[in-house]
Amino acid sequence: MKNNEPVIEVEGLCKAFGANVVLDHFDLTLYRGENLVVLGKSGSGKSVLIKCIIGLLRPDAGRIVVLGQNVPDLTYMELDQLRARVGFLFQSNALYDSMTVRENLEFPLRRHWMNVEQNEVNDLVHKVLTSVGLAHTVDMMPAELSGGMRKRIALARTLILKPDIILYDEPTTGLDAITGMEIIELIKAVQHEYQTSALVISHDMKLARHAAERIAILLEGKCCATGTYQELSTSKDPNIRAFFD
Amino acid sequence: MRFGVFRASFFQEVGALSRFTARFFREAFRPRYEWEELVRQCFVIGYKSLSLVGLTAFIMGLVMTMQLRPSMVRYGVEKMIPAMVCIAIIREIGPVITGLIFAGKIGSSIGAELGSMRVTEQIDAMEVSGTNPFKYLVVTRTLAATLMLPVLVILADAISLYGSYLGVNMYEVLSFRLFMEQVLDNLDYYDAIPAIIKTFFFGFAVGIVGCYKGYYSTKGTEGVGRSANSAVVMASVLIFILDLLAVQVAALIWKI
């Protein structure tokens with residue numbers, strides 16, 4: 001599925017909050033059709049990286065080229081258009097509490113595609129909910145759903161715009177082992193069904209083992225190694241081995 | 001030293017709120033306009049406060065009449081009760097009490113809602129969904145609060161006067177028509193107009209402070225509670241400060 005066309009290229013990315021340097025000349029490339037997992041300890045700057053990529057945080061230095069466009073140089077309008085092609089699954093799911101599942105799913109659709117017909121909206125909502133196995137929840141409120149169901153709905157909301165890339169921020173955090181495994185299987189199924197590229201930020205080794213085609217290790221603000229699970233798990237570097245032991 | 005720290009944080013807060021307000025005016029007049037959300041917020045904010053405002057206004061009119069009566073009887077001017085209650089309610093008590101209730105109900109609700117949206121990343125989610133969250137959340141809520149408080153104050157004044165009418169009738173028989181004649185004979189435009197105009201500013205203060213506190217909420221659920229609480233405190237203090245300014249400005253314009 002993977003080919004050699006890069007969809008995300010991060011070069012020399014630096015980001016600091018006051019004296020706290022979070023990312024220090026971080027480099028990364030995501031290829032079309034690839035599932036890339038960025039592993040790092042808690043507080044190592046994984047979420048900062050993914051928020052810089054989607055334009056929620058402005059980097060101090062470096063290039064972030066997403067689908068051929070350098071994110072820090074984009075105007076608000078251009079960034080909006082780019083975001084319609086890049087899905088983002090938040091760690092906390094970020095479902096709108098005051099809206100039903102249907103309204104949550106319709107929200108990005110109506111905001112990005114202004115003149116979409118109601119029939120088309122209904123079909124898309126049904127299709128993505130079926131993809132995540134939760135078609136029956138369409139009229140429920142987020143508060144009525146379990147943690148795993150909320151994660152699936154958040155993924156469905158991401159899928160509804162048919163993105164080229166999906167960014168996952170800690171998709172299995174806070175879920176039990178079985179539900180976590182279901183989400184991992186769902187990530188793989190979505191990649192297969194929707195032909196997306198995926199950048200997954202996590203510290204979950206089970207996720208890295210099952211979902212990653214390639215892994216990047218984020219350590220002290222830098223990308224210290226990339227490779228397959230097999231390659232990195234046999235590394236001699238003690239810093240890398242620490243993730244796999 | 002402690003006073004120095006307080007002074008620095010006070011000026012930082014005033015500066016941040018001023019920048020937030022300036023951003024409101026920049027964003028409010030620039031498309032895309034969120035009409036649908038504005039109408040929804042007007043309904044939610046106005047409707048949510050109506051019962052509480054109505055109840056307190058009714059009790060306010062009734063109690064004021066009952067409290068005023070002994071003094072008025074002592075001086076033999078009980079016939080002036082409707083006029084006195086009416087002027088007190090329309091000029092001052094109606095706008096301020098309704099504004100404070102509005103700050104408690106709507107200011108805290110906006111602060112808590114936006115605060116919880118901030119800490120659960122819903123505001124970020126909105127931004128990646130092709131929506132300017134400042135326009136969608138802040139501009140609409142602040143405008144709705146600005147437009148709805150004057151409506152609520154007018155309703156509260158009317159309900160208060162009805163309460164006062166019932167209060168008068170607890171001790172003597174007075175027809176509603178006669179009561180209203182006494183009210184209207186003593187009421188002038190400069191009693192009502194400045195009082196209504198200042199409620200737009202009260203509403204704006206409640207909306208912008210609630211949004212400011214919620215939008216920049218931090219530190220999880222504890223921060224959400226703090227945002228809601230400080231939104232009410234700050235909005236209430238602002239209402240009194242604006243009231244003081246409004247009295248001075250009205251006195252200058254109407255030369256009263």
Check the pair B/Asp124 / A/Phe88 against side chain to side chain contact (heavy atoms under 4.5 Å, CB included), numbers first and verdict last.
CA-CA 10 Å; B/Asp124 287 341; A/Phe88 191 118; over 6 Å; no
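In the displayed structure, B/Glu36 atom CD is contacted under 6.0 Å by at most 12 heavy atoms of other residues, nucleotides or ligands. Heavy-atom neighbours of B/Tyr216 OH from other residues, nucleotides or ligands within 6.0 Å: above the threshold of 12. For B/Phe201, the CZ atom counts as loosely surrounded, since its 6.0 Å shell holds 12 or fewer non-hydrogen atoms of other residues, nucleotides or ligands. Shown here is A/Gln118, whose CD atom has more than 12 heavy atoms of other residues, nucleotides or ligands within 6.0 Å. The number of heavy atoms from other shown groups lying within 6.0 Å of CD (B/Glu222) does not exceed 12.
Of all the listed residues (B/Thr120, B/Val128, B/Asn132), the one sharing the greatest number of non-hydrogen pairs under 4.5 Å with chain A is B/Val128.
Here the shortest heavy-atom pairing between B/Glu121 and A/Gln91 reads OE1-N, 3.6 Å. Heavy atoms only, all atoms of each residue included: B/Gln122 and A/Asp97 are closest at NE2-OD2, 3.0 Å. Here the shortest heavy-atom pairing between B/Pro133 and A/Tyr76 reads CD-OH, 4.1 Å. Across all their heavy atoms, A/Arg110 and B/Arg32 have their closest contact at O-NH2, 4.1 Å.
Going from atom CG of A/Leu56 over to atom CD1 of B/Ile123 covers 11.5 Å, rounded to the nearest 0.5 Å.
Side chains of A/Arg111 and B/Ser129: a donor-acceptor N/O pair is absent below 3.5 angstrom, by distance only.
At a 4.5 Å heavy-atom cutoff, the contact between A/Leu95 and chain B is made by backbone atoms alone.
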